[in-house]
Number of protein chains: 2
Amino acid sequence: MSSAAPSAEPRNKTRESLKHHGVRLTRQRQILLDLIDNSGEHLDAERLFQLAKEKDPKLNRVTVYRTLKMLKESGLVDELDLMHQAGDQHFYETRLKQEHAHIICLRCGRVEEFFGEPLQKLRRQVESHFGFQIMLARTEIGGYCAHCQALRAQEMRDAAEQPALPPVRRKQL
Amino acid sequence: MSSAAPSAEPRNKTRESLKHHGVRLTRQRQILLDLIDNSGEHLDAERLFQLAKEKDPKLNRVTVYRTLKMLKESGLVDELDLMHQAGDQHFYETRLKQEHAHIICLRCGRVEEFFGEPLQKLRRQVESHFGFQIMLARTEIGGYCAHCQALRAQEMRDAAEQPALPPVRRKQL
DNA sequence: TTTACTGCAAAATTTTTGCAGGGGT
DNA sequence: ACCCCTGCAAAAATTTTGCAGTAAA
């Protein structure tokens, strides 16, 4: 058992899982899988498309959507909304990590991940309470990170000092 | 204090909150608020529009979107995705209820609500761990309800008996 | 060689925006 | 009377579908 190649492992795991489902590993899919597994950030379809195009300019946006749908249905990626902080797109991440909650700062947009035991406890309680068979779970928490709490307090103070500012027509400035 | 009119209470609470924000209570908004507070189900924008149109045929779809956005930003409603079980729409519910998780059956689409203490525990842990100020939280759990687990097992058995069924062209049947 | 997969074009779905007129407070 | 809010039309953003050709196994 090798424990020295943590970044190559997941990719193989994913690829084997796909083969088992009788899915072809095309060049396009390899590019997209690499990006989702290794980008380190939460990508939406459009951003994924832009990044993929850098590696293969012919790769089509439709292929991105089709691949994401397939990965989602195979249970290989999770689809997130991140509280719609950045808009109504969906974001994607591998399911190879342990289950975690996403903590989204509504001011700076930063996303933290939380792996505490309440998550497992919640699972267990829901399973026993409803006799439910859980396939996937998702927790998203929106609020203000330690850093932005201070900034926000300052912003509120500033706003209070010049209260009757007429609504700014930003488009026309 | 009256404890006999549970359905009228929340509406007033919502309306007062809106007044505080300097928001006008138009006929359209009253219709939409009533539907969201009292429908008992999770409505998406389109369904909300259809229901609202029954009460006022002139009410426009755009008004529904604008009202939902306003209510969301005022913190009066929560926006849910219900695991995208039914598609990519968003669903809405009042924030007058206690925080709860949504348990969605991926087969029959039924949505249950769970109010256990792990949710509060999760909140507290996230707040202390990250020094985070939580404004809103959302937990969605997808899987199979007790009823559908049995049905699904039967479906799997059935599928195993006639394995090579060619992909059905549903549109042409 | 088979047929799952891709790209392209076109459509469908969901949501936003500009503007003129109407209604709440 | 003020100006926030609505309806309408049009656009933008996001996702899906049909079909002919391409490439993985």
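The basis for the numbers below is simple: all heavy atoms, side chains too, and nothing from hydrogens, waters or symmetry mates. Sequence lines set the chain letters: A, B, ... in the order given, protein chains first and strands last, and positions in each chain run from 1.
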| query | Which one, C:dT15, C:dT25, C:dT17, comes nearest to the side chain of B:His90? | reply | C:dT15

| said: Heavy atoms from C-beta onward define the side chain here; which of C:dT6, D:dT15, D:dC5 lies closest to that of A:Arg29? | reply: C:dT6

| Any chance the side chains of A:Glu54 and A:Gln50 put a donor and an acceptor closer than 3.5 Å? | no

| Can you check the B:Arg66 CZ to D:dA9 P distance for me, whole Å? | 14 Å

| query | Over how many whole Å does the gap from B:Arg47 atom CZ to C:dT13 atom P extend? | reply | 17 Å

| task | Please report, rounded to the nearest Å, how far the P atom of D:dA9 is from the CZ atom of B:Arg61. | result | 13 Å

| Rounding to a whole Å, what distance do you find between B:Tyr65:OH and D:dA11:P? | 19 Å

| query | A:Val23 has a side chain; which of C:dC8, D:dC8, C:dC5 sits nearest to it? | reply | C:dC5

| query | Pick the nucleotide of DNA chain C nearest each of B:Glu79 and B:Arg24; which residue has the one closer to the 5' end? | reply | B:Glu79

| Minimum-distance nucleotide (side-chain atoms of A:Val62 versus C:dA9, D:dT6, C:dT14) | C:dA9

| A:His84 NE2 - D:dA13 C1' separation (whole Å) | 14 Å

| First of B:Lys69 and B:Arg27 reached from the 5' end of DNA chain C, by closest nucleotide | B:Lys69

| For atom CZ of A:Phe49 and atom P of D:dA13, their distance in whole Å | 15 Å

| Mind checking whether A:His100 and A:Phe115 have parallel, tilted or perpendicular rings, split at 30° and 60°? | tilted

| message | Does D:dG7 have OP1 or OP2 under 4.0 Å away from a side-chain N or O of B:Gln28? | response | yes

| request: Would you indicate, yes or no, if C:dT6 has its OP1 or OP2 atom less than 4.0 angstrom from a side-chain nitrogen or oxygen of A:Asn60? | output: no

| query | Touch check for B:Glu46, heavy atoms < 4.0 angstrom, all strands: base, sugar-phosphate only, or nothing? | reply | nothing

| query | When you measure from the side chain of A:Arg61 to the backbone N and O of A:Phe49, does any donor-acceptor pair fall under 3.5 Å? | reply | no

| said: Output the rounded distance in Å from NZ (B:Lys53) to P (D:dT6). | reply: 17 Å

| message | Given D:dT15, C:dT15, D:dT6, identify the nucleotide with an atom nearest to the side chain of B:Thr26. | response | D:dT6

| said: With a 4.0 Å cut-off on N to O distance, would you call A:Asp56 and A:Arg27 a salt bridge? | reply: yes

| message | From the set C:dT15, D:dT6, D:dT14, return the single nucleotide nearest to any side-chain atom of B:Ala45. | response | C:dT15

| query | Any salt bridge between A:Asp81 and B:Arg138, counting N to O under 4.0 Å? | reply | yes

| field | Whole-Å distance separating the CG atom of B:Asp81 from the P atom of D:dT14 | value | 15 Å

